[in-house]
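In this chain, residues are counted from 1 in sequence order. Counting convention: from 1, in listed order, for ligands and their atoms alike.
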Amino acid sequence: MSDRSADLIELFSSIQGEGLLVGLRQVFIRFHGCNLSCAYCDTESTTPPQYCQLEGTPGRRDFTRSANPIALERVLKLLEGWQKGWPGINHSISITGGEPLLNHEILVDWLPRLREFLPICLETNGILPKALAQVISCVEYVSMDIKLPSSCGSETKWEQHRDFLGIASRKNVFVKTVIDNTTEEWEIVRTCEIIAEVAKEIPLILQPVTRMDGTVGITALKMLELQETASGLLVEVRVIPQTHKFIGQL
Ligand code: SF4
């Protein structure tokens, strides 16, 4: 059993900007720590944060700093207040990071209580299958990234991704992968092969890298070529940029 407290970066309500749940409002609970080091990452994941930013009013950015670790009871109380004061505004709870499954022992305690309020969406880099196996029964949606070597700057852990996807496929799962002008065709082919080994019907979201001003870092032609490659191998392929960057959300 964990002590039911966790190092959190922040907790807030906002619009989901990526993947199949795009446009829905969620409570985001962002856990500290990551097991990858993507070249484009802007999240500090080595030093545990001294404080967590807790939003007081959902979506209004009236944050207060609270010393880590944060107790589960504190989070539950906040969610209870939001559910009473603003019923129905949030669709689900996004468990995100960093890599939230690094906290799987804590999540085993937290998720059954959190999903008493809202369904759980796990946002993950998809390389910790054993950790996922421990929490999958308490998750409704899995948003799984596959980080490609061209944009991430390190080797992709294909076998771990396949094992992970096999477990995630028990629930509503979709795969996202960031594409830019450096993305190579073989990377998309390999991504699709890994997905097809589990189920060709699992949706793949090609996510054009999106700058803060809303412009994307890939030409329209390159984007279409990659979509054509993927669509020849999978049933459902969508191109969705990071929409939160052009509606002014985090
Ligand atoms: S998986 Fe996400 S949090 Fe981890 S290094 Fe990559 S971009 Fe950063």
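- A cation-pi arrangement, defined by a distance under 6.0 Å to the six-membered ring centre and an angle within 45 degrees of its axis, is present between Arg190 and Trp158.
- Around atom 8 (Fe) of ligand 1, the protein atoms of type N, O or S found under 2.8 Å away are Cys41 SG, listed by chain and number.
- Side-chain atoms of Thr183 and Glu187 form no donor-acceptor pair, as typed in the model, at a separation below 3.5 Å.
- A side-chain donor from one of Thr57 and Asp62 sits under 3.5 Å from a side-chain acceptor of the other.
- Looking only at protein heavy atoms, the nearest one to atom 2 (Fe) of ligand 1 is Lys147 NZ, 3.9 Å.
- Heavy atoms from other residues, nucleotides or ligands lying under 6.0 Å from CZ of Arg74 number 12 at most.
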Full working for ring pair (Phe, Tyr, Trp, His ring centres under 6.0 Å) between Phe31 and His104: CA-CA 11 Å; Phe31 284 78; His104 64 274; over 10 Å; no
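- Side-chain atoms of Glu123 and Gln16 include a donor-acceptor pair closer than 3.5 Å.
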